[in-house]
S.K.: 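Below: one structure in structure tokens.
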Number of protein chains: 2
Amino acid sequence: MESLLNNIARYIQLEDDEKEYFLSLVGEKKVRRKQLLLQEGEVCHHSIFVKSGCLRGYTLDKNGDEHVISFATAGWWIADMYSLITRKPGQLFIESSTEAHLQLLTREHQEKLFEQIPKFERFFRILTENSLVATQQRIIDNLSLGARERYLEFIRKYPSLKDELPQKHIASYIGVTPEFFSKMMRSLPE
Amino acid sequence: MESLLNNIARYIQLEDDEKEYFLSLVGEKKVRRKQLLLQEGEVCHHSIFVKSGCLRGYTLDKNGDEHVISFATAGWWIADMYSLITRKPGQLFIESSTEAHLQLLTREHQEKLFEQIPKFERFFRILTENSLVATQQRIIDNLSLGARERYLEFIRKYPSLKDELPQKHIASYIGVTPEFFSKMMRSLPE
DNA sequence: TGAAAATCTTAATCCGGGTTAAGTTTTGCT
DNA sequence: AGCAAAACTTAACCCGGATTAAGATTTTCA
């Protein structure tokens, strides 16, 4: 359980009244597992902060197969960035993998924050930079590593998720079918 | 030939003295083709703006094969973001594909700008958001599309590069070998 | 301008991972 | 607790793209 204010305090320092104002713009939401928070074709209006639990972002390809784009565990943010910043319908689905406690910030309120408390512009600039680095690393891994090594990368990066998620979602994240994943696990010690 | 000030003016408005101050922090560089601007193991100190020409960012895997991570044509920025923000040695090579006219901004100067002219924090926040969206889309494409479709995506996105770069760099960008790329081209009209 | 280097092509063979189709657990729900 | 749905496994066969090894073409630059 990581609080939103703690998350922010990693990068910027807020006065008490700024914290209060910020929290006044944030919505709370509790969801059960397997709840759909965003669907393909919808405009994504919120950045979602995960206080507890785990969300999953995925797309559906033209054969109806899912491709997991990202997981967000406690302390992480998730959104359909394309849709959020263009305000156009996106292709991402966002669904809870577990029951989860969320905090929501609309893009509108986020932009209000940028105007009124420039420190937030810094906070989200840093968050976005970190996210970009992680995303680029994933492209490098996809281009340079085989499935087995991508899996080892995955458990190094998200050790807690290994036993908490259905294998097929992990398989999808690393880019293989559940059948192949199963075969691969047979040959991995442990 | 896209000027840096024009690039910035897309997202923020600067006063004349701010422009002047900004330009005083920016270095100019002209390079011939195939010049190495950054190597694996080095710390990346600069964000590079491409005024004219084309740069290419790539990694080398353990077999010595190149993987093109990004191209930067006129009007684009390029850097090893991981290294730039952590100040640790990175894995990216950056090399000119053509002769090129560049402008360089050190991370140090960039952070000075963030302090002194908060509008720059906004500018780079937006730039990073856009970059994140593009990078995520590439992951989606890599997971959902076959090589042929990824190539069609590539020429849709970078139509001008199709005839200006060695095929093997395009092959590497879309994630196939030059041999397979050549075979694939045979079967593509045009 | 000419020769070496780089790039591109072709073709045979190989392999990582996909597909299909069962069957077997495990989980969730009432 | 008990049953349906979801998740996982296995195995046979298939295919997109890799590898290897030539050779042909283009580019570079002395």
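Note on naming: letters A, B, ... go to the chains in the order of the sequence lines (proteins, then strands), and numbering restarts at 1 for each one.
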S.K.: Do the side chain of A/Ser172 and the main chain of A/Val68 share a donor and acceptor less than 3.5 angstrom apart?
M.R.: yes
S.K.: Using a side-chain heavy atom cutoff under 4.5 Å and only I, L, V, M, F, W and Y, what cluster partners does B/Leu145 have?
M.R.: none
S.K.: Output a table of nitrogen or oxygen pairs between the protein and nucleotides 15-19 of chain C separated by less than 3.5 Å.
M.R.:
{"residue": "C/dG17", "atom": "OP1", "partner": "A/Ala147", "partner atom": "N", "Å": "3.1"}
{"residue": "C/dG18", "atom": "OP2", "partner": "A/Thr177", "partner atom": "N", "Å": "3.2"}
{"residue": "C/dG18", "atom": "OP2", "partner": "A/Thr177", "partner atom": "OG1", "Å": "3.3"}

S.K.: Hey, could you give me each pair passing side-chain hydrogen bond (donor to acceptor under 3.5 Å, both in side chains) that has a residue in residues 24-38 of chain A? Not counting sequence neighbours.
M.R.: A/Glu28-A/His101, A/Glu28-A/Gln103
S.K.: Listed by chain and number, what are the side chain to side chain contact (heavy atoms under 4.5 Å, CB included) partners of B/Ser3, not counting sequence neighbours?
M.R.: B/Leu5, B/Asn6
S.K.: My understanding is that only residues two or more places apart in sequence, or in another chain, count here; which of them pass side chain to side chain contact (heavy atoms under 4.5 Å, CB included) with A/Glu179?
M.R.: A/Thr177
S.K.: Let me know, please, whether B/Lys34 or A/Pro178 comes out on the 5' side of the other along DNA chain D by nearest nucleotide.
M.R.: A/Pro178
S.K.: In this structure, how many angstroms lie between the C1' atom of D/dT9 and the NZ atom of A/Lys168, rounded?
M.R.: 15 Å
S.K.: Mark up nucleotides 24-30 of chain C, 5' to 3', with B wherever a protein heavy atom is under 4.0 angstrom from a base atom, S wherever such an atom reaches only the sugar-phosphate, and - elsewhere.
M.R.: ----S--
S.K.: If the helix axis at each end comes from five base pairs, how far does the helix from C/dT1-D/dA30 to C/dT30-D/dA1 deviate from straight, to 10°?
M.R.: 60°
S.K.: Kindly say whether the aromatic ring centers of B/Phe181 and B/Tyr151 come within a distance under 6.0 Å.
M.R.: yes
S.K.: Does anything in residues 132-145 of chain A form a side-chain hydrogen bond (donor to acceptor under 3.5 Å, both in side chains)? List the pairs, not counting sequence neighbours.
M.R.: A/Gln137-A/Asp141, A/Gln137-B/Gln91
S.K.: In whole Å, I'd like the distance from the CD atom of B/Glu66 to the C1' atom of C/dT7.
M.R.: 13 Å
S.K.: Just how far, in rounded Å, is P of D/dT26 from CG of B/Leu165?
M.R.: 19 Å
S.K.: Which pairs pass salt bridge (charged side-chain N to carboxylate O under 4.0 Å, His left out) with one or both residues in residues 62-87 of chain B, sequence neighbours excluded?
M.R.: A/Glu149-B/Lys62, B/Arg56-B/Glu66, B/Arg87-B/Glu111
S.K.: What pairs meet the ring-ring contact (aromatic ring centres under 6.0 Å, His included) rule with one or both residues in residues 102-141 of chain B, with sequence neighbours excluded?
M.R.: B/Phe22-B/Phe120, B/Trp77-B/Phe124, B/Phe114-B/Phe124
S.K.: Report the residues that fulfil side chain to side chain contact (heavy atoms under 4.5 Å, CB included) with B/Ala147, sequence neighbours left out, ordered by chain and then residue number.
M.R.: B/Arg150, B/Val176, B/Phe180, B/Met184
S.K.: What residues form a side chain to side chain contact (heavy atoms under 4.5 Å, CB included) with B/Asp17, not counting sequence neighbours?
M.R.: B/Glu15
S.K.: Any side-chain N or O of B/Arg186 less than 4.0 Å from the OP1 or OP2 oxygen of C/dT9?
M.R.: no
